[in-house]
Amino acid sequence: MRRAVVEYRGWKEGYRCGYCASAQGKVSAGMWAHSMTVQDYQDLIDRGWRRSGKYVYKPIMNQTCCPQYTIRCQALRFQTSKSHKKVLKKMLKFISKGDISKAVSEEEPMDSHIEDAVSCSFVHRSESHVSEAELTPLNEDHADVVENEDEDKGETKEEVNVKKAELGSLQICGDKDAAVPGEPSPSTKTVHAPPKPGKGADLSKPPCRKAKDIRKERKLQKLLQNQRCTLEGSPLQAEHQALLLQSSKSTTNQPKSIEDFIFVPLPDDAPHKLEVRVVRSSPPSSQFKATFQESYQVYKRYQMVIHKDPPDKPTINQFTRFLCDSPLEPENPPNGPECGYGSFHQQYWLDGKIIAVGVIDILPYCVSSVYLYYDPDYSFLSLGVYSALREIAFTRQLHEKAPDLCFYYMGFYIHSCPKMRYKGQYRPSDLLCPETYVWTPIEQCLPLLELSKYSRFNQDAKAVDEDHIKELGRVRVLHKRTIMPYSVYKKRRKGPSDEASVQQYASLVGQTCSERMLLFRS
């Protein structure tokens with residue numbers, strides 16, 4: 001298995017912000033990722049990083065004009081809101097009866113704003129010109145053995161060149177000492193106090209349900225025993241969804257799950273058919289290649305109509321770099337999801353043509369939403385909201401095979417930009433503390449963000465970043481095709497010191513990633 005190889009590009013200050021229209025307010029750090037394991041990227045997004053194509057960037061939260069907080073939805077506990085139910089019912093009515101509602105949802109499509117990716121500027125992050133040969137570590141048989149030369153510290157000599165066995169030893173699961181996925185840290189636990197009399201439902205008692213809902217549920221379960229769901233592509237997948245739906249209703253007095261609204265049997269004479277296909281985009285699968293042109297045309301129309309791009313801006317080259325290229329190495333472990341980990345396009349096919357595409361990464365602990373584009377002719381279906389709900393349902397489906405995979409990452413939450421607050425409506429959700437990198441329920445964060453656009457969410461004043469850089473000399477470097485610790489490279493380096501840049505890089509990616517990823521040095 002290849003190790004992550006990155007080129008750190010440093011800070012980019014004073015460029016245009018697409019959220020507040022500031023001409024010089026945005027500040028972020030970035031690196032070009034030639035390759036990256038899914039575990040490395042999982043750990044990076046849990047430190048506030050995010051990718052656009054092969055460029056991985058992190059807003060400098062206490063300096064940028066519009067702080068962008070990483071947000072995740074707890075998919076296993078997700079409950080649909082009234083507005084979500086309206087969107088799901090609207091789609092169902094359109095497919096089953098052909099009904100067209102003119103009401104357009106005010107919610108934005110997931111990450112429909114391209115500013116983070118494009119005005120982060122492809123000029124600043126122009127593609128690397130380093131050759132593939134320079135990025136490939138020498139094989140063990142031919143490589144020089146580099147030992148730790150830092151004698152002043154009296155450290156044990158260390159063979160730096162990684163052996164083949166070590167190269168293939170990356171685990172999908174986190175370290176044993178790491179926090180268990182899905183379990184909040186002590187600082188993020190929410191205490192639910194019983195409501196005062198007359199001030200809301202008693203959370204200690206099951207919610208009431210209407211007799212009509214119970215009758216509908218029984219009828220639905222009977223239908224599921226005799227019919228196959230037709231919303232998903234293959235019959236096998238449809239059967240799995242039916243079983244998932246039945247199991248989700250095994251407990252009485254439970255509100256409707258998201259599957260109850262999505263995987264509903266359709267009449268034989270339904271005027272429309274919707275299929276959702278997941279195709280690997282990097283490396284491109286045969287299905288991805290076969291549908292590339294059709295998918296690109298949907299993207300081009302979306303950018304021109306929704307974002308008012310001129311016709312010459314959404315080029316095939318931009319589309320490929322932004323939404324098809326990915327540094328993530330595909331992985332298919334036996335305990336992972338059937339489709340494997342990596343980068344994918346989730347295509348929505350209506351009556352045999354693509355009407356929307358959700359770009360997603362499937363990682364060890366989450367499905368991460370990258371972007372969504374759709375055919376503007378179908379805006380009336382609120383495809384931004386619908387696709388987000390489908391991706392949450394998809395996360396829950398993957399969890400059946402990969403138990404650690406239980407979160408849906410929605411990119412960045414930007415409280416200072418009112419039109420970008422819609423992501424907070426997918427509950428329950430958490431925001432990432434920009435200083436200690438612990439997850440905090442959004443309900444606890446919002447009052448702080450009302451007071452200040454930048455806020456530390458962890459209220460434990462003594463808490464620190466547990467993965468802060470402790471030993472800069474242990475940062476892994478790839479120099480002249482040889483892997484070595486920075487302590488060795490620093491002694492061999494000719495010219496001015498680059499220690500400040502390496503210190504900045506290591507502090508942003510953390511000690512764990514800095515020792516696992518390879519920082520390219522020419």
Side-chain angles (χ1 to χ4, degrees), residues 9 11-30 45 47-53 55-73 104-125 299 302-310 313-314 318 322-323 358-359 368-374 379 384-385 387-388 409-426 429-435 440 442 445-457 508:
R9 299 291 178 85
W11 285 24
K12 172 69 174 177
E13 299 183 40
Y15 62 98
R16 186 183 67 83
C17 175
Y19 300 110
C20 70
S22 168
Q24 299 182 347
K26 213 156 194 181
V27 184
S28 70
I45 63 174
R47 292 184 63 84
W49 291 82
R50 185 159 171 76
R51 79 172 184 87
S52 172
Y55 184 75
V56 188
Y57 64 99
K58 173 178 167 55
I60 304 302
M61 299 289 281
N62 60 354
Q63 296 190 34
T64 193
C65 56
C66 295
Q68 298 157 267
Y69 299 90
T70 302
I71 182 171
R72 72 178 187 185
C73 173
V104 179
S105 171
E106 294 181 356
E107 292 182 80
E108 293 283 335
M110 198 61 66
D111 275 344
S112 66
H113 289 262
I114 200 170
E115 287 87 355
D116 285 334
V118 175
S119 77
C120 206
S121 133
F122 277 111
V123 174
H124 168 58
R125 56 193 169 102
Y299 167 76
Y302 172 79
Q303 292 299 131
M304 291 171 59
V305 175
I306 304 298
H307 291 293
K308 313 303 180 186
D309 282 358
K313 187 175 180 180
Q318 185 216 43
F322 174 39
L323 296 175
V359 182
S368 174
S369 174
V370 177
Y371 199 69
L372 172 84
Y373 54 94
Y374 58 83
S379 295
V385 179
S387 64
Y409 282 47
M410 297 177 281
F412 290 134
Y413 174 82
I414 307 168
H415 192 77
S416 57
C417 180
K419 67 179 180 180
M420 294 303 291
R421 295 181 184 179
Y422 68 94
K423 295 180 183 181
Q425 298 175 13
Y426 296 82
S429 58
D430 309 304
L431 297 184
L432 188 67
C433 176
E435 296 181 9
T440 308
I442 194 170
C445 304
L446 296 182
L448 300 173
L449 293 175
E450 285 294 322
L451 297 175
S452 172
K453 63 182 181 180
Y454 172 77
S455 179
R456 170 192 169 109
F457 300 140
L508 293 173

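Sequence positions, counted from 1, serve as the residue numbers for this chain.
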Report the residues that fulfil side-chain contact (heavy atoms from CB on, under 4.5 Å) with Q24, sequence neighbours left out, ordered by chain and then residue number.
none

Rounded to the nearest 0.5 Å, the CZ atom of R421 sits from the CD1 atom of I442 at a distance of 10.5 Å

Which residues share a side-chain hydrogen bond (donor to acceptor under 3.5 Å, both in side chains) with K453, sequence neighbours left out
none

Who pairs with C445 by side-chain contact (heavy atoms from CB on, under 4.5 Å), at least two apart in sequence or on another chain?
L431, T440, F457

Atom OH in Y57, atom NZ in K12: separation rounded to 0.5 Å?
15.5 Å

Contact check, side chains of C66 and K26, non-hydrogen atoms, under 4.5 Å:
no

Check the orientation of Y373 and Y302. Use parallel for under 30°, tilted for 30 to 60°, and perpendicular for over 60°.
tilted

Of all heavy-atom pairs between Y299 and P314, which one has the smallest distance, and what is that distance?
CE2-CB, 3.9 Å

Between R51 and V370, is any pair of side-chain heavy atoms under 4.5 Å apart?
yes

Are the side chains of W11 and Q63 in contact, using a 4.5 Å heavy-atom criterion?
yes

What pairs with E13 under salt bridge (Lys or Arg N to Asp or Glu O under 4.0 Å), at least two apart in sequence or on another chain?
none

Closer than 3.5 angstrom, by distance alone: can the side chain of S387 be matched with the main-chain N or O of G384 as a donor-acceptor pair?
yes

What verdict does the side-chain contact (heavy atoms from CB on, under 4.5 Å) test give for Y69 and Y454, after you've listed the backbone C-alpha separation in whole Å, the side-chain angles of each residue and the deciding distance to 0.1 Å?
CA-CA 9 Å; Y69 299 90; Y454 172 77; 3.9 Å; yes

Any side-chain heavy atom of I71 sitting closer than 4.5 Å to one from F412?
no

Nearest heavy-atom pair of A29 and W49: which atoms, and what distance?
O-CZ3, 4.0 Å

Nearest 0.5 angstrom please: T70 OG1 to R47 CZ, how far?
11.5 Å

Going by side-chain hydrogen bond (donor to acceptor under 3.5 Å, both in side chains), name the residues that satisfy it together with Y413, two or more places apart in sequence or in a different chain.
H415

Restricting to side-chain contact (heavy atoms from CB on, under 4.5 Å), what partner residues turn up for P447, sequence neighbours left out?
none

In Å and rounded to the nearest 0.5 Å, what is the OG to CZ distance from S28 to R50?
13.5 Å

Is any side-chain heavy atom of C65 closer than 4.5 Å to one of Y19?
no

Between atom CG of L372 and atom CG of L323, what is the distance when rounded to the nearest 0.5 Å?
10.0 Å

Heavy-atom side-chain proximity of S429 to K423 below 4.5 angstrom:
no

pair P67-P59: side-chain heavy atoms closer than 4.5 Å:
no

Is the closest side-chain heavy-atom distance between N62 and I60 below 4.5 Å?
yes

